[in-house]
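One structure below.
Proteins come first, then strands; the chains are lettered A, B, ... in the order of their sequence lines, and each starts at number 1. Scope of the values below: all heavy atoms of this structure, side chains included, with no hydrogens, waters or symmetry mates.
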Amino acid sequence: MKRIHVILLIFATMAASCRKDAIKNLDSKEGIVYVTDHDSSVNFSNYLSFRIADSVSVIRDGQLVSRENNSYENGLITSFAQALTQRGFHLETNPAVKPDIGINITKLVTNQTGVVSYYDYWGGYNSYWDPYYWGYSGYDYYFPYAIGTYTFQEAALSIDMLDLKNPDTGGNKLHSIWTGLVYGSGIFNSNNTSDLVQNLFSQSPYLQH
Amino acid sequence: MKQLRITFFIAFIFLATISEAQQQRLNLALNYNAATPVSSSFKNYISKTSFRGFQGSVLYNINTSLRVGLQVSWNDLYEKYGRQVYKNEDGSDISAVLSNTMQYTPVLVKAEYSFVKEGWLQPYVGAGAGISLINFEQYIGEFLYRQSYAKAAFSADLGVLIPFTKGSPYGCRISTSYNLSPFNKEGIKTINTWDVQAGVVIPLK
């Protein structure tokens with residue numbers, strides 16, 4: 001029987017050591033996942049001007065902890081503005097003029113173990129981004145598509161486009177018309193901001209004025 | 001793979017030095033195993049041949065032609081698909097690198113029948129039935145989706161035994177087999193592979 005035990009041990013060792021490690025076989029950018037969704041009733045060619053919030057909100061475990069505007073956040077805002085401009089949209093720089101589209105960028109960070117549902121993030125959106133910033137005090141937000149089934153570990157980046165051209169004055173709501181969600185290792189690396197934005201845009205060909 | 005060959009060689013030398021019994025009734029076979037997916041639904045998940053597999057069996061000689069026993073195989077199947085955009089059920093677009101993996105472990109009650117009892121080449125046929133333990137793992141980027149299943153498993157094989165010396169209970173064997181497990185999960189109807197094995201036969205007692 002000893003001989004069988006030795007053989008089984010050798011067999012088990014060989015099996016464990018020969019398994020392909022899928023994570024090790026990914027390069028630094030292949031682990032990142034991009035999710036986009038939009039309001040399919042919206043024709044983006046009807047929108048021209050946009051403005052991006054001047055800082056990025058940091059949400060940690062469901063609480064707004066800061067608004068940041070460092071090299072990473074600046075790089076992200078600049079890359080996103082450039083990408084939209086290349087698609088024919090116009091960056092509205094005059095703060096006195098209300099743009100057609102407002103854009104919020106949010107870093108979602110968690111210290112919790114396991115995975116966190118993106119759905120929870122949308123539930124508290126009003127507390128992270130006061131509609132007052134876009135000139136709509138007392139309004140709420142409305143997301144007409146369901147992206148909330150996605151879960152992430154540790155960190156995610158969310159970019160939301162708000163329809164400021166057609167506010168729901170009856171329901172006091174600002175509709176989101178496009179959302180981009182990025183999660184995976186390296187998404188908060190300053191060197192990756194351009195890649196993140198390019199990937200989101202490449203899978204959103206309808207974002208065109 | 002070099003490490004694997006060395007481990008196999010050491011294992012064989014260790015066992016070959018142990019004294020033989022006069023009448024060998026129980027034999028162990030240790031094989032290297034390569035597996036190729038066959039069905040279209042399985043190939044849609046993984047189409048690449050796996051060269052990471054092993055097989056071991058312990059068979060009891062009922063007579064000089066027929067032997068029965070237990071066989072365990074293990075295969076690690078893997079394929080990485082470059083970044084693509086997929087349409088999700090909720091209407092969203094998801095861009096990711098998919099890494100599809102599966103560890104397929106059939107545990108079978110096995111019977112083999114040799115057509116030739118002596119000689120340098122002893123062809124045989126075999127059949128087995130049992131259960132397969134299936135570890136289904138799909139990485140969406142670096143994020144893992146994992147499920148484990150136990151399903152029925154069937155196998156048919158054809159091979160040849162080659163004794164190291166005339167009449168020796170030690171020998172090598174080369175075989176090919178077809179393995180099948182009805183699955184109907186994760187978009188895969190049937191897990192079936194065509195396998196090729198090569199290894200050694202060692203008398204136990």
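Between Glu79(B) and Lys20(A), none of the side-chain N atoms (NZ, or NE/NH1/NH2) sits under 4.0 Å from a carboxylate O, so this pair counts as no salt bridge.
Considering only heavy atoms from C-beta on, Leu26(A) stays 4.5 Å or farther from Tyr139(B) through its side chain. Here the side chains of Arg19(A) and Trp74(B) are in contact, with some heavy-atom distance below 4.5 Å. By the 4.5 Å heavy-atom criterion applied to side chains, Arg83(B) and Ile32(A) are counted as neighbours.
For Lys29(A), the NZ atom counts as loosely surrounded, since its 6.0 Å shell holds 12 or fewer non-hydrogen atoms of other residues, nucleotides or ligands.
Using a 4.5 Å cut-off between heavy atoms, Ser95(B) touches chain A through backbone and side chain atoms alike. Within the 4.5 angstrom heavy-atom criterion, no atom of Ser40(A) approaches chain B. Neither the backbone nor the side chain of Asn33(B) comes within contact range of chain A; no heavy atoms are under 4.5 Å apart.
Remark: Ile94(B) CD1 to Thr36(A) OG1 distance equals 9.5 Å, nearest 0.5 Å. Expressed to the nearest 0.5 Å, how far NZ of Lys24(A) lies from OG of Ser99(B) amounts to 14.5 Å.
For the residue pair Ser185(A) and Glu142(B), the shortest heavy atom distance occurs at OG-OE2, 2.8 Å. Phe143(B) approaches Gly31(A) most closely through the heavy-atom pair CE1-O, 4.0 Å.
Judged by distance alone, the side chains of Asp93(B) and Tyr34(A) never bring a donor and an acceptor atom under 3.5 Å apart.
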